[in-house]
Amino acid sequence: MSDRILHITSKSIEQTHAIGTLIGRLACLGDVIALIGDLGSGKTTLTQGIAKGLAVPEEYYVTSPSFTLINEYPGRVPLYHFDAYRLTDFRDMEAMGYEEYFYGSGVVVIEWAEKVYELLPEPTLYLYIANLNNMRQIDISCQTEKILALERVLKEGGYI
């Protein structure tokens, strides 16, 4: 299956969070989700929604692991939340033992994923996020049938 691209416009933080929640509900063991966007584009808000969709308990506040590089959260399946912003390049991820997470027993979300593009497995779900004043343009692409399921739930939710 070739890449299919979904184009979504989020008009608020709440909508961005809700979109993440829908993505999290569809996420399953072994999924890698790459978030690409400028500072303040909504990567962490999407991740918080994904965590909710993965049933991460509310007492775990999902924050960007800018200094720790990775946060782990329990849920329906574990959530491994990476932040590649401070990495020099993909070799820093290799030193962290990324394969244990990418091919382990959870869902991986990577903020600033463009910095480690060389390491991302196929299939990876890519979310490109752009600031449009007070809105966000989110373009989603993937090479699996998961994109079809995601398109269905996003249409049902009124986001497409």
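Side chains included, hydrogens not; waters and symmetry mates left out as well; all remaining heavy atoms used.
Listed by chain and number, the residues in a side-chain contact (heavy atoms from CB on, under 4.5 Å) with P78 are Y80 (sequence neighbours excluded). For T124, there are no side-chain hydrogen bond (donor to acceptor under 3.5 Å, both in side chains) partners two or more places apart in sequence or in a different chain. The side-chain hydrogen bond (donor to acceptor under 3.5 Å, both in side chains) check on S105 picks up nothing, with sequence neighbours excluded.
Closest heavy-atom contact between S10 and I138: CB-CD1, 4.3 Å. Heavy-atom minimum distance, V32 versus P121: CG2-CG, 3.7 Å.
Pairs engaging residues 31-42 under the salt bridge (charged side-chain N to carboxylate O under 4.0 Å, His left out) rule: D31-K146 [sequence neighbours left out]. Legend: salt bridge (charged side-chain N to carboxylate O under 4.0 Å, His left out) pairs involving residues 49-61, not counting sequence neighbours: none detected. Residue pairs satisfying the salt bridge (charged side-chain N to carboxylate O under 4.0 Å, His left out) criterion with at least one member in residues 6-26, sequence neighbours excluded, are absent.
Ring orientation note: the planes of Y73 and Y60 are nearly perpendicular, at an angle over 60° on the 30°/60° scale.
The main-chain N or O of W112 is never found under 3.5 Å from a side-chain atom of K43 such that the two would form a donor-acceptor pair. E111 places no side-chain N or O within donor-acceptor distance of the main-chain N or O of L35, the cut-off being under 3.5 Å. Of the possible donor and acceptor atoms, none in the side chain of R136 sits under 3.5 Å from a partner among the backbone N and O of Q15.
Hydrophobic clustering, with ILVMFWY side chains joined whenever heavy atoms are under 4.5 angstrom apart, keeps L132 apart from I140. Under the 4.5 Å side-chain heavy-atom criterion for ILVMFWY residues, a single connected hydrophobic cluster contains both L120 and I70.
Two residues are said to be in side-chain contact when any heavy atoms from C-beta on lie closer than 4.5 Å; H7 and I5 meet this criterion.
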